[in-house]
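Remember, it's a predicted structure, so these values are computed and weren't measured experimentally. Chain A is the first sequence line, chain B the second, and so forth, proteins listed ahead of strands; every chain is numbered from 1.
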Protein chains: 2
Amino acid sequence: MTVRALHHYDEIGLLSASERTPAGHRRYTERDLRRLYRVRALRALGLSLEEIAGVLDGAADDPESMRELLTAQLRRLDEHAELIGMLRRRIRGLLRQAGDSSGPDPDRLMTTLELMSVFETYFTEEQRERLAERRNALGGEGVEAAKHEWAGLVEEGLRLVESGVPAEDERARDLVRRWDALAGGFHPDGADGERTRAAARRMWQDNSAEIGGSLPWPVERMAGLVAYLEQARQAG
Amino acid sequence: MTVRALHHYDEIGLLSASERTPAGHRRYTERDLRRLYRVRALRALGLSLEEIAGVLDGAADDPESMRELLTAQLRRLDEHAELIGMLRRRIRGLLRQAGDSSGPDPDRLMTTLELMSVFETYFTEEQRERLAERRNALGGEGVEAAKHEWAGLVEEGLRLVESGVPAEDERARDLVRRWDALAGGFHPDGADGERTRAAARRMWQDNSAEIGGSLPWPVERMAGLVAYLEQARQAG
DNA sequence: GCTTGAACCTCACGCCGGGGGAGGTCGTAG
DNA sequence: CTACGACCTCCCCCGGCGTGAGGTTCAAGC
């Protein structure tokens, strides 16, 4: 213990020496010392000084409130552990990606970070949970396959746009149907799914440059494609 | 994000709007926004604003420092998780004890807390580790058996003291030998063990009232017994 | 008795990551 | 023209102490 901590406990009224020497030095009695031991032990378990004061003052002979406090603390620790586990998984994922690439894009880690933030800005927590569920259901290879398929759709769409096929054409509308079906693998069905898809579109529109930068196609071509798909969707 | 947080980032120089309207309102450009996304993502991973500033300013195109920072953070999270695990085990142990007792001593939880603190005051960390090892080696029943045996020794000692047998008597010295042999099951051998035993004695002498309060025998009788044992130890 | 160094006292500011409010200005919709 | 919201600056607040500044007091050694 440092002296300063004892002074602090004194200031907030948690533990004050019940005697003073004539010169004003704090004299801690044996009772004070026992209280100090309790304070220290409870602090070491992660409780706040306020909670400690509460349980030591309010219910000296009530072990029930003590049990409640400890179970509450256990719950908090569980939540904390879960949060830490999540952060560890995320960081490990980022490090794996950083280790993998080593390719032509040294800025990819940063871009991923930006996307993480954007993602959390545009989707609510429950939407993110559903997306994660879907992703888990598809499995690692499923997600990879979907990415591959999507790349094919993008290529196809870019060819349609650049060869001047109008958005009302059946080929464009068919592409939109396949596009949305593919997206359906990630977005849930029904009204919730519609909201998720709307969020995805908002995210794309507000951040197309951002997202486009992380894609293997030039941003402006992608932007054109998205506008084209939107037209085709209206038409069909 | 709250406005106040943006102001804070501005104050500490982490992120400031690169433009202002004539009226003085902050205008965040797209570059600012990208920086903000990075800041938010890194903060969400648990990094401090200072670390974030360091990695964003110092090494914009150096993914190596980024990897280092993330691995360091991973280590910190691991340590944190370990600490949390320890606290959870301790609290669960306390709750188990509190659930068990329900007996005549409602203050036992508090006493245990005091002893935790005393224990950590009087033993160094390595000593505590060795004690825990020994305890594990003995196993749950071993510890219970030792407690039982110790209770027998205490009873025996109290009888010796109160029937006036001198400390130099062979029966007292024999008791001391068995006492120390029993303690040897918890304390390591050799010089380290001697230090641990010395720490245990110091702890006892400074806190006999404290420890005695948690024992099923009156404190003053125990204190007398300990003095008696010390005499016998000197004698034999 | 005197000195000296350690330990104590009070008072007050600092840290981190912002929260919240007071008191005032700006922007825009009806 | 008038609301009403959004923004501005300035300043104090939280927890759990750390770290001084500047001044007593205590215990040991001469």
Phosphate OP1/OP2 of [N]: any [X] side-chain N/O under 4.0 Å:
X: A/Arg4; N: D/dT19; result: no
X: B/Tyr9; N: C/dG17; result: no
X: B/Arg27; N: D/dA6; result: no
X: A/His7; N: C/dC9; result: yes
X: A/Thr2; N: D/dC17; result: no

- [ ] Taking only the side-chain heavy atoms of B/His25 (C-beta and beyond), determine which of D/dT9, D/dC7, D/dC26 contains the nearest atom.
- [x]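 Out of D/dT9, D/dC7, D/dC26, the nucleotide with an atom closest to B/His25's side chain is D/dC7.
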- [ ] Taking only the side-chain heavy atoms of B/Arg43 (C-beta and beyond), determine which of C/dG18, D/dC26, D/dC7 contains the nearest atom.
- [x]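 So the side chain of B/Arg43 is nearest to C/dG18.
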Open item on the list: Tell me whether B/Glu82 at atom CD has more than 12 heavy atoms from other residues, nucleotides or ligands lying less than 6.0 Å away.
Closed with: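 Atom CD in B/Glu82 is not packed in, count stays at 12 or less.
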Open item on the list: Can you confirm whether A/Glu11 is buried at CD, in the sense that more than 12 heavy atoms of other residues, nucleotides or ligands lie under 6.0 Å from that atom?
Closed with: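 More than 12 within 6.0 Å, yes.
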Open item on the list: Which is more 5' along DNA chain D, the nucleotide nearest A/Ala5 or the one nearest A/Thr21? Just name the residue.
Closed with: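 Nearest nucleotide further toward 5': that of A/Ala5.
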Open item on the list: Categorize A/Arg20 for me: base, sugar-phosphate, or nothing, with a 4.0 angstrom heavy-atom threshold over every strand shown.
Closed with: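 Since only primed, P, OP1 and OP2 atoms lie under 4.0 Å of A/Arg20, the category is sugar-phosphate.
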TODO: For A/Leu49, report the nucleic acid contact type (base, sugar-phosphate, nothing); a contact means any heavy atom under 4.0 Å.
DONE: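 A/Leu49: backbone/sugar contact only, no base atoms under 4.0 Å.
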Task: Salt bridge flag under 4.0 Å for residues A/Glu64 and A/Arg67 - done: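 Looking at A/Arg67 together with A/Glu64, the answer is yes, because their closest N to O distance falls below 4.0 Å.
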TODO: Specify the residue among B/Leu47 and A/Arg26 whose closest nucleotide of DNA chain C lies further upstream toward the 5′ end.
DONE: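 Result: A/Arg26.
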Between [N] atom [atom2] and [X] atom [atom1], what is the distance in whole Å?
X: A/His8; N: D/dG15; atom1: NE2; atom2: P; result: 8 Å
X: B/Arg40; N: C/dG18; atom1: CZ; atom2: C1'; result: 15 Å
X: B/Glu11; N: C/dC16; atom1: CD; atom2: P; result: 13 Å

Open item on the list: Quick check against the 3.5 Å criterion: does B/Arg92 have a side-chain atom that pairs as donor or acceptor with the backbone of A/Leu74?
Closed with: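 Flag not set: sc B/Arg92 to bb A/Leu74 has no pair under 3.5 Å.
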TODO: Examine distances only and state if a side-chain atom of B/Gln73 and a backbone atom of B/Leu45 form a donor-acceptor pair shorter than 3.5 Å.
DONE: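 Between the backbone of B/Leu45 and the side chain of B/Gln73 there is a qualifying donor-acceptor contact (under 3.5 Å).
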